[in-house]
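In what follows, chains are A, B, ... by sequence order, proteins preceding strands, each numbered from 1.
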Amino acid sequence: MVVSLSTRLLNITIVSFCKAQQLQKAEVALIDAIRLGILPDVVTYNQLIDGYCRLVSLESGYDVVRRMCIAGIKPDSVTFNSLIARATHQNQLSRALDLFEEMFQWGVSPDLWSYNNLMHCLFKLGRPDDAYRVLNDIIVNDLSPSRATCNIMINGLCKNGYTNNALNYFRNLQRYGFVPGVMTYNILINGLCKARRLNAASRLLKELVESGQSPNAATYTTIMKSFFRFNKLEEGLAIFALMRSKGYTFDGFAYCTVSGALIKRGRLVEANDLMAQMTRDGIELDTLSYNTKINLRCREGKFEDAYQLLDELEKSGLECDVYTHSIIVDGMCKAGDLEGAQRHLQYMGSLGFKSTLVALNCIVNGLCKVGDVDRAMALFESMETRDDFTYAIIVHNLCKARRYKKASKILFSWVKSGLKVLRSCQRAVLDGLRDSGYITDAKKLQSKIWKARMLRY
DNA sequence: ATAGGGTTAG
């Protein structure tokens, strides 16, 4: 009795150190306890494993599993769930499946958490069919899907383009007595907004309110963003005002989102006012707010001010991120200072930023805008990773320069890359080819694209 | 645990 009480105290100590992100101290507590003759149990180790998985890495968590086995304690489903959560969070599917296998070998059955994580991972990897198979596994294994399971299903279906299936699934669940919460509604509203089905989204919003629940910050942000996406600035601003009146603008994120939308449309004065208002409302600046302010100064052409903000950001103990530098590189490109942009890109590299893709895209775009499509092409060819933005910039500008043959080659490699292809770019190339007399080439390109798309699946 | 949210193209 005395021993088990001490173990409980040890566990409370360990979990609070893990929550405070102090693994060293948790380890010391464990050693001290053992020295006093207090024996750790499965809970002790599970807490430590979870801490290592969350704060350090999957491998470091797994090391604790080894220690636990040496100590003669058998892992349980909670042990594996921490490891599986970390693996699936990093989209390491095969690692997660290895853990399932190992779990079976220990004679431990996966529980609902294990399956939920696996489902989520499969959806993120764009494999909705396999995720659906996991849902079947849940039912076959006599586990009942939880609210989280349903949300993961609905979200996964939406994210993979099956908005209608998500909606049908949702309605079926309701028929079986499922009472959706705000999160479920948010997932669907977001899915419908992204699928440009605003009427269906607003019907669900109405349903949410009629169910006696209140929309939350996420609901409002989703709706506001979709207004901005469809260029309905005033409607978006009205939502922002509503958020403010309800106190959902406490973290400054909404301010920055609205400012970003204003900056994009060149309404710099209003963006300035808004950022000032944010300060007046007593919201502290974080990296995001600094980035927004830097973006604003760059667009105003005040690069000294932008650099001063950068300085201030670092002095206040915050850290610049990849956005900060991409914003500066883009700002210089937009101001026509390609040399400055290249210089800042190098600086960014020297700071150890691995992903310079967005900054490179900005420079490719900047080179095109000052009429140097050849240098833009050279940079494009030298890039080791490209995304849909990279291709869109190059293809669009080659078309603008009426270099349709080159554009059609790049468009084709774009299709083959599997990245999302902008319809406007594809049309520009095909129309361009036809209008300049290359009718056969246009037809050939079209059939090649068709075939490449078919071959992908 | 699972919803939203900042940089680049059109």
Under 4.0 Å between any heavy atoms, over every strand shown, what does [X] touch: base, sugar-phosphate, or nothing? Just pick one.
| X | answer |
| --- | --- |
| Asn81(A) | nothing |
| Asp388(A) | nothing |
| Thr292(A) | nothing |
| Ala359(A) | nothing |
| Cys362(A) | sugar-phosphate |
| Leu288(A) | base |
| Ala148(A) | base |
| Leu422(A) | base |

Separation of atom [atom1] in [X] from atom [atom2] in [N], rounded to whole Å:
| X | N | atom1 | atom2 | answer |
| --- | --- | --- | --- | --- |
| Trp414(A) | dG10(B) | CH2 | C1' | 9 Å |
| Lys369(A) | dT8(B) | NZ | C1' | 11 Å |
| Asp330(A) | dG6(B) | CG | P | 16 Å |
| Phe228(A) | dT7(B) | CZ | P | 11 Å |
| Phe380(A) | dA9(B) | CZ | C1' | 13 Å |
| Asn361(A) | dG10(B) | CG | P | 12 Å |
| Lys400(A) | dA9(B) | NZ | P | 12 Å |
| Asp286(A) | dG6(B) | CG | C1' | 10 Å |

Under 3.5 Å, is there an N or O donor on one side and an acceptor on the other linking the side chain of [X] and the base of [N]?
| X | N | result |
| --- | --- | --- |
| Asp321(A) | dG6(B) | yes |
| Asn116(A) | dA1(B) | yes |
| Asn295(A) | dG6(B) | no |

[X] with [Y]: basic N within carboxylate O range, under 4.0 Å:
| X | Y | answer |
| --- | --- | --- |
| Arg54(A) | Asp50(A) | yes |
| Asp435(A) | Arg402(A) | no |
| Asp305(A) | Lys293(A) | no |

From the set [options], return the single nucleotide nearest to any side-chain atom of [X].
| X | options | answer |
| --- | --- | --- |
| Phe389(A) | dA9(B), dG6(B), dG4(B) | dA9(B) |
| Met183(A) | dA1(B), dT2(B), dG4(B) | dT2(B) |
| Trp113(A) | dA9(B), dG4(B), dA1(B) | dA1(B) |
| Asn151(A) | dT2(B), dG6(B), dA9(B) | dT2(B) |
| Thr257(A) | dT2(B), dA9(B), dG6(B) | dG6(B) |
| Ser326(A) | dT7(B), dA1(B), dT8(B) | dT7(B) |

Any [X] side-chain nitrogen or oxygen under 4.0 Å from OP1 or OP2 of [N]:
| X | N | result |
| --- | --- | --- |
| Arg299(A) | dT8(B) | yes |
| Lys124(A) | dA1(B) | no |
| His396(A) | dG10(B) | yes |
| Lys264(A) | dG6(B) | no |
| Lys293(A) | dT7(B) | no |
| Asn365(A) | dT8(B) | no |
| Lys420(A) | dG10(B) | no |

Ring geometry between Tyr255(A) and Phe240(A) (parallel below 30°, tilted from 30 to 60°, perpendicular above 60°): perpendicular
Under 5.5 Å and under 30°: Tyr323(A) stacked on dT7(B): no
Arg386(A) to Phe380(A), cation-pi by 6.0 Å centre distance and 45° axis angle: yes
Test log, rule salt bridge (charged side-chain N to carboxylate O under 4.0 Å, His left out), inputs Lys354(A) and Glu384(A): CA-CA 12 Å; Lys354(A) 284 178 294 190; Glu384(A) 41 199 64; over 6 Å; no
Ring centers of His344(A), Tyr307(A) separated by less than 6.0 Å: yes
